[in-house]
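Note that these values count all heavy atoms, side chains included, but never hydrogens, waters or copies made by symmetry.
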Amino acid sequence: MNFNTEAHETHEAQQKPQPQIEVVCSGILRNKNGEKVIYVRFERGKDFAEGSIPATKITSHQGFVPEELEQFEQYMNEHRFEIIEQAKTVNLMKNFMK
């Protein structure tokens with residue numbers, strides 16, 4: 001999955017396009033309370049933000065501005081069903097053995 005944020009209208013942003021933000025998700029896991037959870041990570045170079053479904057809240061981040069974090073939470077909320085379907089296809093053992 002790819003996620004694009006709009007570039008801020010500054011002279012620097014107009015000259016250097018922002019790299020795309022990659023979105024990756026875990027398989028369906030269980031948290032410490034035994035509840036099903038999917039971890040979602042947004043990455044742009046060294047910048048990252050991590051959240052989860054069903055909470056749709058960013059829990060850790062580095063390098064993103066608050067407006068971007070709000071967009072990521074909105075993205076998780078609006079695309080939760082697609083993310084769940086993607087998480088169902090993640091084979092944790094196969095990926096672990098690579």
Where is the tightest heavy-atom contact between [X] and [Y], given as atom of each residue plus distance?
X   : Y   : answer
K57 : E73 : CA-OE2, 3.5 Å
P54 : R80 : O-NH2, 3.0 Å
N31 : V37 : N-CG1, 4.0 Å
C25 : V90 : O-CG2, 4.1 Å
M76 : I58 : CE-CD1, 3.9 Å

Nearest 0.5 Å, what's the [atom1]-[atom2] distance between [X] and [Y]?
X   : Y   : atom1 : atom2 : value
I84 : H79 : CD1   : NE2   : 13.0 Å
I38 : K88 : CD1   : NZ    : 8.5 Å
I83 : N77 : CD1   : CG    : 9.5 Å
Q62 : D47 : CD    : CG    : 7.0 Å

Are F42 and F48 connected in the hydrophobic side-chain network, where two residues link if heavy atoms are under 4.5 Å apart?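 Different clusters.
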With no hydrogens and no angle check, just 3.5 Å: does a side-chain donor-acceptor pair link S60 and E50? yes
If we ignore angles and hydrogens, is there a donor and acceptor under 3.5 Å between the side chains of Q74 and E78?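 Yes, side-chain donor-acceptor contact under 3.5 Å.
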Can a salt bridge be assigned to the pair R44 and E68 using a cut-off of 4.0 Å between side-chain N and carboxylate O?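 Result for this pair is yes, salt bridge flagged.
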So, using ring pair (Phe, Tyr, Trp, His ring centres under 6.0 Å) as the criterion, who are the partners of F64 when residues are at least two apart?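 Counting only residues at least two positions away or on another chain, F64 forms a ring pair (Phe, Tyr, Trp, His ring centres under 6.0 Å) with F72.
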For Q86, does its backbone N or O pair with a side-chain atom of T89 as donor and acceptor, under 3.5 Å? yes
